[in-house]
Amino acid sequence: MKFLIEGGNKLSGKIAVQGSKNSVLPILAATLLVDGKSVIHNCPRLSDVDAAIRILTDFGCAVTRENDTLTVDSTNAGNCRVSDLLSRRMRSSILFLAPAVSRFGKAQFSFPGGCEIGLRPIDLHLSSLRLLGADTDEKSGMLCCKAVNGFKGNRIHLTFPSVGATETVLLAAAVSKGTTVLTNAAREPEIVDLANFLNKAGARIFGAGENAVIIVGAPALNSIEYRVIPDRIVTATYLFCAAITGGEIEITKTKPQLLEAVFPLLEETGCAVRRNKNTVFLSAPERLRPVRTVRTMPYPGFPTDLQSPVTALLCVADGTSVVTETIFENRHKYIGELIRLGADIRTEGATAIIGGVENLHGASVRATDLRGGFALVIAALKADGKTVIDNIYHIDRGYETPERVLSSLGANIKRIT
Ligand code: EPZ
């Protein structure tokens with residue numbers, strides 16, 4: 001599958017944003033801890049969510065979808081070996097390890113596939129689980145983790161505020177004996193969403209969203225109903241689509257307060273941004289101004305998931321911008337594809353120096369990863385002429401029918417085989 005995009009249209013209009021992929025994935029993993037039904041609202045239709053559903057059904061859960069609502073009944077769940085294909089396909093399959101060991105006493109996974117954005121080890125996940133009483137054994141790409149007497153609370157300090165490792169600790173300690181104190185925890189909003197889900201089901205987690213979190217182990221979790229937060233990365237991505245085309249956009253059903261690191265950058269490019277509780281409005285100038293320095297940081301800093309989208313946005317600014325990636329060691333693969341579209345970018349280690357050009361020109365390019373793939377969409381919306389983007393399965397992992405959303409804003413985009 002490919003996208004065929006004819007650039008040049010100013011985008012304008014109003015869209016509602018999807019639920020957060022990076023919230024719904026750990027929350028789906030958490031349903032293994034609930035011995036009963038979990039009803040989850042605002043679940044986006046994404047291939048990563050489909051893969052998570054397949055893992056849950058492998059564990060014997062009954063999963064049904066009705067529009068944006070997923071119901072997971074894990075009453076009859078039993079231990080299983082997560083298939084190679086599934087755990088390779090989706091890096092966040094590692095999130096199922098802790099709840100599976102908590103529920104069944106042991107679990108077997110093949111190592112989650114390295115993503116296209118670097119090695120992505122899981123050492124912080126495994127060292128945390130060992131501190132909570134698990135034995136882990138890794139050989140020939142298979143990972144086996146056991147805690148036959150369940151997890152036991154402990155002190156854990158993460159050497160890096162890893163989002164996934166923080167979620168693994170919450171998922172392991174939620175149903176455990178004793179109390180866990182986690183320091184240098186990640187503070188992303190998706191961590192808070194997971195903690196809110198777990199607490200609503202009977203867990204006792206305090207301080208999620210801060211860098212020290214206390215989890216008092218609960219004996220069990222009960223069936224619940226929960227609504228996932230909006231996707232902050234998708235919200236910003238569509239703001240960038242309107243900004244690069246000199247258009248304007250209103251995004252509803254979102255949480256602007258999760259994007260406080262992004263709005264000042266957009267205003268520095270010359271965009272006007274207004275927001276209220278659940279809506280953000282942006283109108284863009286004819287020509288964007290450059291942004292001197294952007295550095296990706298753990299939340300509440302500028303998100304690494306917006307590094308490639310913002311680099312695309314700045315390709316046509318009237319001056320030089322500098323974007324530095326500090327979280328992943330290899331999140332620049334998409335830059336070669338932007339250069340094929342006429343961008344003037346050179347990289348020095350983790351830093352990209354973007355010389356703004358008058359405009360980009362259409363070309364045949366291919367998505368290299370999820371956010372890098374959407375960076376090509378952003379550039380193609382502006383580029384003169386036709387652009388074909390291949391390997392758009394990367395984009396479908398995190399963006400719900402982007403061609404429908406962008407067409408509703410006036411873009412000329414088609415999905416072609
Ligand atoms: C989550 O990935 C997100 N994925 C990523 O979004 C996001 O980019 C990332 O957090 C940072 O915000 C999901 O939530 C499903 P990390 P995760 O653990 O948990 C190193 C997207 O586009 N590390 O915070 O994998 C790691 O190599 C995706 O939606 C270890 O060294 O991110 C990386 O350099 C991409 N050992 C850094 O920490 C570990 O055990 C940050 O990784 C774990 C991580």
Side-chain angles (χ1 to χ4, degrees), residues 18-30 44 46-49 51-52 55 87 89-98 109 111-131 136 138 143 145 156-172 184-194 211 228-229 231-237 258 261 296-310 325-334 350 367-375 394-400:
Q18 68 189 58
S20 164
K21 165 178 89 78
N22 291 347
S23 241
V24 78
L25 293 176
I27 285 174
L28 284 174
L46 304 168
S47 54
D48 267 11
V49 173
I55 291 178
S87 52
R89 253 177 53 85
M90 192 178 67
R91 150 88 190 159
S92 34
S93 59
I94 186 68
L95 294 174
F96 286 83
L97 181 64
F109 274 54
F111 257 107
C115 184
E116 298 73 11
I117 54 176
L119 188 65
R120 306 191 72 188
I122 55 172
D123 55 310
L124 298 176
H125 296 251
L126 300 183
S127 56
S128 301
L129 292 175
R130 285 193 287 271
L131 281 169
T136 61
E138 308 145 50
L143 165 66
C145 184
I156 300 174
H157 180 83
L158 292 176
T159 51
F160 178 85
S162 151
V163 172
T166 302
E167 291 166 345
T168 278
V169 173
L170 296 192
L171 290 164
N184 198 25
R187 300 172 55 193
E188 271 68 5
E190 292 76 27
I191 308 270
V192 178
D193 216 21
L194 172 62
N211 51 25
V228 165
I229 56 171
D231 196 308
R232 60 193 169 101
I233 303 301
V234 173
T235 301
T237 305
L258 304 184
T296 64
M297 297 296 280
Y299 194 87
F302 187 83
T304 172
D305 290 349
L306 291 177
Q307 180 255 112
S308 48
V310 83
E325 170 62 47
T326 71
I327 308 288
F328 287 99
E329 79 275 8
N330 177 15
R331 211 166 185 178
H332 279 161
K333 279 192 173 167
Y334 67 96
T368 52
D369 61 276
L370 165 54
R371 309 297 174 185
F374 215 102
H394 286 292
I395 296 174
D396 289 332
R397 289 186 45 214
Y399 293 87
E400 198 175 40

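The analysis underlying the following values was restricted to heavy atoms, covering all of them including side chains, and did not include hydrogens, waters or symmetry mates. In each ligand, atom 1 is the first atom listed, and ligand 1 is the first ligand listed.
With contacts defined as side-chain heavy-atom distances shorter than 4.5 Å, the pair Phe109/Glu138 does not qualify. Within the 4.5 Å cutoff, the side chain of Leu28 has no heavy atoms near those of the Leu95 side chain. In this structure, the side chains of Ile327 and Phe160 come closer than 4.5 Å at one or more pairs of heavy atoms.
For ligand 1, the polar-atom distance check against Ile327 finds a nitrogen or oxygen pair separated by under 3.5 Å. Polar contact check, Glu167 against ligand 1: no nitrogen or oxygen pair lies under 3.5 Å apart. By the 3.5 Å distance cut-off applied to N or O atoms, Asp305 is counted among the residues near ligand 1.
Using a cutoff of 4.0 Å between basic side-chain nitrogens and carboxylate oxygens, Asp305 and Arg331 are scored as salt-bridged. Remark: Lys21 does not engage Glu400 in a salt bridge, criterion side-chain N to carboxylate O under 4.0 Å.
Taking every heavy atom of His125 and a limit of under 4.0 angstrom, the matching atoms of ligand 1 come to 40 (O). Taking a cut-off of under 4.0 Å to the non-hydrogen atoms of Phe160, the atoms of ligand 1 that pass are 37 (C), 38 (O), 41 (C). Shown in contact with Gly164 at under 4.0 Å from a heavy atom are these atoms of ligand 1, numbered in order with element: 18 (O), 19 (O). Residue contact check: Lys21 has heavy atoms under 4.0 Å from atoms 21 (C), 29 (O) of ligand 1. Of all atoms in ligand 1, numbered sequentially from 1 with element shown, those under 4.0 Å from a heavy atom of Thr304 are 8 (O), 11 (C), 12 (O). Close approach of ligand 1 to Arg331 is summarised as follows: ligand atoms under 4.0 Å from at least one heavy atom of the residue are 8 (O), 22 (O), 35 (C).
Residues forming a side-chain hydrogen bond (donor to acceptor under 3.5 Å, both in side chains) with Asn22 (at least two apart in sequence, or on another chain): none.
Closest approach of His332 and Ala350 over heavy atoms only: CE1-O, 3.2 Å.
Evaluated by nearest non-hydrogen atom to atom 10 (O) of ligand 1, the leading choice among Val163, Thr159, Asp123 is Val163. Comparing heavy-atom distances from atom 43 (C) of ligand 1 across Ser93, Ala165, Pro121 singles out Pro121 as nearest.
Using a 4.0 Å cut-off between heavy atoms, Asp48 makes no contact with ligand 1 at all.
Atom OH of Tyr399 and atom CG of Asp231 lie 7.5 Å apart (nearest 0.5 Å).
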